[in-house]
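The structure appears below as C-alpha cells.
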2 protein chains.
Amino acid sequence: MLTIGQLASYAGVTVRTVRHYHAKGLLPEPERDHSGYRRYGAAAVVELVRIRTLADAGVPLSRVRELLAADDEEFVAAVDDIDRRLRAEIRERQSHRERIAKLAAGDSLALPPEVVAYVDRMRELGFRERLVEIERDSWILIAAQMPEQVGPWMAMKRAQLEDESLRRLYLDVGELSDCGPEDPRLPVLADRVAAFIQAAADGAEGVEDEHPVSEDLVALLDAAFVESFPGAVRMLELLEERGWTGWTNIRRKTVAPVPCEAEL
Amino acid sequence: MLTIGQLASYAGVTVRTVRHYHAKGLLPEPERDHSGYRRYGAAAVVELVRIRTLADAGVPLSRVRELLAADDEEFVAAVDDIDRRLRAEIRERQSHRERIAKLAAGDSLALPPEVVAYVDRMRELGFRERLVEIERDSWILIAAQMPEQVGPWMAMKRAQLEDESLRRLYLDVGELSDCGPEDPRLPVLADRVAAFIQAAADGAEGVEDEHPVSEDLVALLDAAFVESFPGAVRMLELLEERGWTGWTNIRRKTVAPVPCEAEL
DNA sequence: GCTTGACCTTGACGCTGGGTCAGGGTTGCA
DNA sequence: TGCAACCCTGACCCAGCGTCAAGGTCAAGC
C-alpha cells in the first residue's frame, strides 16, 4: 500500500496535486489507515498517470473526467474543441507580441505614429511643453474613441502647423500655461482667437464639419483643456463675451432666451 | 466631472475593471462627491487608456505601473522580458496541441504505440481480457517511470508472444483471473512457471538483467498484479515454496537464516 | 524511553483579471 | 412621486495548484 507521497512521486506530481484531484473528484478518495493516512493501490497510480497525460496535453481539469470516460467519437470531438481553444490562445499571444513589439519600437503609449510625428514637430517648433502634453493627451482620447479618423485629421493639423500665422497664434496659446485667470494677456489672446475663428467661419459658411466628433468627446477634450491650464476657464468666459462657446469645437453662441420676471 | 461609468465607457472597459485598477493601485482613487460617488477628470481617461494599451498588449497588470513610469531603456528591457514570456506560452500551447493530436490519433491514453500494438496482439491471440488489462496498466506504469526503456523491451516481449510454448504458458496465466486462492489449477501453473524460470535462469547464468528496473517499480507492478487477480497471493506463495520470489521480476529466494532458539 | 526529522492530516489564503451577485443609497427624468 | 439607471462596498467565483499553519504519526538512532 502506498502513501500519498509515494503515489505522487510515482506519477511525478506533488502531494498537493493529488489532494487537489481528490477535491475535484478526478481521483477517488482511497481508504484510510488506522491513523487517517490515505492508502493507495497500484491502480491509483495508473489512474493518476492517465489524468496527467491529459492534463499535460492541455486538457483543462474540468474536462478530464469526461475524456477519460469518452468513447472514440466523443474523444475526438472533445479534442477538437480543446484544440480550437489552444489555437485561439496562441493567436491571442501572437497578437500580443505584435502589439507589444510596436510599443517598444517607439510608439508613445497609446499613440498612433502620425500623432507622434505631430507632437514631435510641435516640440521642434518650440511649443510650450504643457501645450504639447495636452495635445498629446487629447489625441490619446480621440484615438481611443475614433481611431479611424485620426489619420486624415492629423494630416490637416500638420498642415496647419506649417501655416505661419496660424502657428504663431497657436504658439501664443501655449502661454496659457503660465497665465493666471487675471492675466492681461488673456483678453488679447481671446481677441485673436475670436478673429481667427470668425475668419474661418466666414470662409466655410454652410460647410459641414469635416471631422464630426461626438458631443461627449468634445466635452471631454474641453475638460482636459480646463484641467491643464489655470487660465482656461477665464479664456472660455472671454470667448463667450465675444460670442463664441467651447474650445475644442468653437461655435457661435446661441443666445439663450433670458426668462422675464413675468414668466417666473 | 465624470462618473465611474462614464470613465469606463470612454476607455471601453467595465466599471468593475476600473475599480479593480483602483484596488491594485494602477489608477489613483479620485475625489468623491457629496454622496460618495467617485468623480474623475479627463486626465483619468488618459491614464486608463494608457493602462489598457499595455494590458491589451499582454502586459500583466503587475508590471503595468512599472512600464508606465519606465524610460526608454527600461521599457525595452521589460518588453523583452514580457515577449519572452509570451513566446514561452505559445511554445507551451503548441506542444499541447501536438500531444493532444497524438492522443486523438489513437494512442491509448498514456501508452506509447509499441505497447498499443502489443496489447492488440494479445487480444488477437485470445488472451483473457483481465490479463490484457493488467499488462496494459503495467506498461502505463513502466512508461511513466522509464519511457526510454519501453521501445527495446517491448520488442523483446513481442518476440516472446510469438514463441509457441511461452505463449501457451502465458495464456494459461490468464486463467488466474477466475482462480480463487484454493483453485487446483494454481499449483500446476506454479510448477510450470517455476520450470520455465529455472530454464531461463540456467540459460542466462551470470548474465545481467537486460532491463534493470528499480525495486520500487517492481514492487508496484507486483502490487498491481495482486490487486488484479484473486489467486495472485496464493500463486506467490506457491512460487516461494518452489524457491522463487516475486512475480514481475522472479528471483531465486535467498534463504533467510532461521534464527536458532539459542540466539533469541 | 526520548528525540529528531520526515511524513501525514485539514484548513485557509495567494496568484490573474476581472464577472457576478447581494443589499443598499443616489440621481435624473416623466 | 415613482421608476429606471446609476453608484457604493463587500464577498464569492473561475484554474491549478503553491505555500503556510498547526498539529498528529512513524521509523530510526541514542
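Residue numbers begin at 1 in each chain, while the letters A, B, ... track the order of the sequences. Just so you know, these numbers use all the heavy atoms, side chains as well, and skip hydrogens, waters and symmetry mates.
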A:Asp33 side chain to A:Ser35 side chain, donor-acceptor N/O pair below 3.5 angstrom: yes
Could you tell me whether the side chains of B:Trp244 and B:Glu240 share a donor-acceptor contact shorter than 3.5 Å? no
Just to confirm, is there a sub-4.0 Å distance from OP1 or OP2 of C:dT9 to any side-chain nitrogen or oxygen of A:Ser35? no
Once the angle between the rings of A:Phe225 and A:Trp247 is folded into 0 to 90°, is it parallel (under 30°), tilted (30 to 60°) or perpendicular (over 60°)? parallel
Rounded to the nearest Å, what distance is computed from the CD1 atom of residue A:Ile4 to the P atom of nucleotide D:dC17? 14 Å
For C:dG18, does the base pair up with any side-chain atom of B:Tyr21 as donor and acceptor (N or O, under 3.5 Å, distance only)? no
For A:Val13, is there any backbone N or O sitting under 3.5 Å from a side-chain donor or acceptor partner on A:Thr17? no
Would you indicate, yes or no, if C:dT9 has its OP1 or OP2 atom less than 4.0 angstrom from a side-chain nitrogen or oxygen of A:Arg19? yes
Residue-phosphate contact under 4.0 Å: B:Arg38 side-chain N/O, D:dT9 OP1/OP2: yes
Would you please confirm or rule out a distance under 4.0 Å between OP1 or OP2 of C:dG18 and any side-chain N or O of B:Lys24? no
Is a donor-acceptor pair below 3.5 Å formed from side chain A:Arg16 to base D:dT19, judging by atom type as modelled? yes
Under 4.0 Å: is that the gap between some side-chain N or O of A:Thr17 and OP1 or OP2 of D:dG16? no
Are B:Arg52 and C:dG18 close enough that a side-chain N or O sits under 4.0 Å from OP1 or OP2? yes
Looking at D:dG24, C:dT10, D:dC17, which one has an atom nearest to any side-chain atom of A:Tyr37? D:dG24
Between A:Glu98 and A:Lys102, does any side-chain N to carboxylate O distance fall below 4.0 Å? no
Remember a base hit wins even if backbone is also touched, and classify A:His34 as base, sugar-phosphate or nothing at under 4.0 Å, heavy atoms. sugar-phosphate
Taking CZ from B:Arg39 and P from D:dC8, how many angstroms apart are they, rounded to a whole number? 9 Å
Mind calculating the distance between CZ (B:Arg65) and P (C:dT16) to the nearest angstrom? 12 Å
Rounded distance (Å) that lies between atom C1' of C:dT26 and atom CD of B:Gln6: 14 Å
Name the closest nucleotide to the A:His20 side chain, picking from C:dT10, D:dC7, D:dC17. D:dC17
Let me know the distance between CZ of B:Arg32 and C1' of D:dC7, rounded to the nearest Å. 10 Å
Rounded to whole angstroms, how far apart are CD on B:Glu31 and P on D:dC8? 14 Å
Counting heavy atoms from C-beta on, name the nucleotide in C:dT9, D:dA15, D:dC7 closest to the side chain of A:Ser62. D:dA15
Check the phosphate of D:dC7 against B:Thr3, side-chain N and O only, distance under 4.0 Å to OP1 or OP2. Yes or no? yes
Between C:dC8 (P) and A:Leu7 (CG): distance, integer Å: 10 Å
